[in-house]
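What follows is a short report on a single structure.
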Amino acid sequence: MDYPVIHKPALEDMKVKPNIQDYHESQRDFSWDLLKKELDGLEGGGLNLAYEAIDRHVKKGKGDKVAFYWEGAKGEEEVYTFAQFKVQSDKFANVLQGLGVEKGDRVFIYMDRIPELYFAFFGILKAGAIAGPLFSAFGPDPVKDRLLDSGARVLVTSPNLRAKISGILGDLPDLKHVVVVNKNNRHPEGLQPGDVSYEEAMAGASEEFTIVRTTEEDYDIMHYTSGTTGKPKGAAHVHRAIYQQYATGKWVLDLHEDDIYWCTADPGWVTGTSYGMVAPWTNGITQVIYEGGFGAGPWYRVMEKYKVTVWYTAPTAIRMLMKAGEDVVKRHDLSSLRYMCSVGEPLNPEAVVWGVQAFGMPFHDNWWQTETGAILIANYPIQDVKPGSMGRPTPGITVGILDDNYEEVPTGDEGHLAVRPGWPSMFKTYWGNEEMYNSKFQNGWYITGDKARKDEEGYFWFVGRADDVINTAGHLVGPFEVESALLEHPAVAEAGVIGKPDPIAMEIVKAFVALKDGYEPSDKLRRELMRFARKKLSSFVAPREIDFIDSLPKTRSGKIMRRLLKARELGLPEGDTSTLED
Ligand code: PRX
């Protein structure tokens with residue numbers, strides 16, 4: 001079914017004049033240099049994200065403005081101004097220096113969404129180190145892979161999460177310190193011998209800190225992302241990314257001085273850093289940070305309580321809210337809300353239209369990736385919304401659709417979604433894997449790994465992934481990681497993992513398992529394998545479905561043909577099977 005275009009509202013009907021309108025009126029030629037002028041840079045030269053996100057506002061007299069309202073999972077409330085935020089991040093930078101952390105060291109954060117996570121994050125940047133946020137739902141395997149690969153020197157965590165990964169800490173030769181935050185003594189089990197107590201270290205730390213001089217090209221943040229093969233790769237970003245995160249915060253999220261902004265993404269994922277920290281705070285915006293999990297009632301309550309004006313969320317959450325129905329929406333006063341955006345997976349047209357029905361405005365879909373660092377394609381507030389489309393390229397960005405030889409295809413044809421390199425938030429490398437990084441650039445384009453098409457009006461439409469990477473509820477999962485975990489179970493001889501379409505999560509992780517001699521398929525074994533994978537990986541990475549089969553289809557060179565497993569699962573034609581093993 002075709003969904004009619006949702007026409008842009010008249011400017012006079014909008015609560016505020018969109019920033020992108022201002023931009024169009026004031027600038028004829030695009031230049032990143034104009035944007036750079038809106039930020040300060042470090043005194044004496046250089047650029048540091050923590051300075052632009054926090055200290056700059058204090059220096060400009062906005063120290064008393066609220067940087068964030070925090071609501072804990074148990075209803076605890078805390079409020080921090082930019083001035084207080086500066087003090088806490090300065091103190092943590094001192095703590096890190098006291099532990100011997102130097103410019104360029106990797107410091108990872110494995111924590112629930114508590115204020116200390118944010119203090120630590122910006123303290124790391126102030127100390128000139130590289131911050132690596134990890135999703136707190138991860139099990140020991142993904143945490144170990146990331147800490148090992150990055151050579152992390154310090155881990156900041158909490159007692160409950162530390163306990164979850166205690167088995168791997170001895171396997172990390174580069175890890176020198178584990179800093180443990182026991183907020184409000186939440187975890188009576190407390191610290192382990194050798195841990196650094198965050199609370200004690202902060203109590204003794206000075207509030208004065210001179211930010212370590214970093215440049216546009218110095219690394220600041222690492223996020224691991226999954227590919228078809230091998231372990232996750234550390235997409236490493238540099239401080240210059242701020243220019244684009246700042247700009248898209250203004251143009252795409254339409255952040256204004258008085259906004260109360262809520263990004264529902266966890267900081268363990270790139271959306272939670274680029275748009276849950278960098279974009280709003282470089283724009284000096286007040287945020288809401290909610291530690292609790294998903295729930296239609298709780299989410300609307302948060303929006304009502306804090307009078308959220310701009311909301312950035314994800315398709316799976318929107319589809320779950322749709323399922324919960326409009327009655328729940330109507331029970332809350334959401335009159336403050338004026339703008340809604342979505343990212344991370346395809347946003348189905350029904351969901352865009354439901355936004356209008358339930359909230360009086362569409363969800364504005366946008367597209368980007370861990371590697372791109374910031375939004376590159378978007379539906380803007382002053383543009384008609386075509387439900388189902390990701391929108392158009394943001395200013396300064398050139399997007400192409402390419403054939404298999406990396407040449408542009410005619411408008412309307414499907415092909416590889418590609419971007420002309422050189423945008424400020426482009427990742428600088430995959431940590432320790434320059435070859436893989438270089439392979440992403442072909443014929444003068446950055447190849448995203450997505451397939452898409454462009455229509456006559458320049459709107460882009462997502463078609464699918466060009467590889468086997470699974471997108472489950474907005475989280476990318478590499479089949480290889482799941483297969484490797486399953487293979488560690490004594491009963492498993494072979495495993496093949498695919499994404500199975502799902503009406504809510506877009507895809508779920510499904511595994512096909514061949515058992516070793518002496519093991520028989522049973523529901524009990526299936527449950528045991530699921531539990532095994534959940535414990536090692538995490539509940540969202542572990543398979544939700546497992547089928548036992550005698551043997552997996554493989555190429556003659558022994559590679560599992562996931563494409564064939566998927567075609568069989570979906571009852572689709574099997575395509576070219578000429579390389580299939582006899
Ligand atoms: O396949 C695309 C999908 O998510 C991938 C990027 O995931 P990640 O690196 O985890 O970055 C998350 C930050 C957005 C893309 O390659 N994706 C992202 N946004 C959309 C999308 N697919 C369809 N529509 C989108 N709007």
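These figures come from a predicted structure and were not determined experimentally. Order of listing sets the numbers, starting from 1, for every ligand and every atom in it.
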Output the set of protein residues with a heavy-atom contact under 4.0 Å to ligand 1, ordered first by chain identifier and then by residue number.
Val270, Thr271, Val343, Gly344, Glu345, Pro346, Asp365, Asn366, Trp367, Trp368, Gln369, Thr370, Met390, Asp450, Phe462, Arg465, Asn471, Leu476

Assign the ring pair His416 / Tyr406 to parallel, tilted or perpendicular, where the plane angle (0 to 90°) is split at 30° and 60°.
tilted

Is a side-chain donor or acceptor of Glu345 paired with a backbone partner of Thr316 at a separation under 3.5 angstrom?
yes

Suppose we screen for side chain to side chain contact (heavy atoms under 4.5 Å, CB included). Which residues come up paired with Glu326, at least two apart in sequence or across chains?
Lys330, Trp354, Gln357, Ala358

Between the CD atom in Glu414 and the CD1 atom in Ile401, the distance rounded to the nearest 0.5 Å is 9.0 Å

Restricting to pairs with a member in residues 453-472, which pass ring-ring contact (aromatic ring centres under 6.0 Å, His included), not counting sequence neighbours?
none

In short, ring-ring contact (aromatic ring centres under 6.0 Å, His included) pairs touching residues 105-125 with sequence neighbours left out are Phe68-Tyr118, Tyr80-Phe119, Phe85-Phe119, Phe85-Phe122, Tyr118-Trp281, Phe122-Trp281

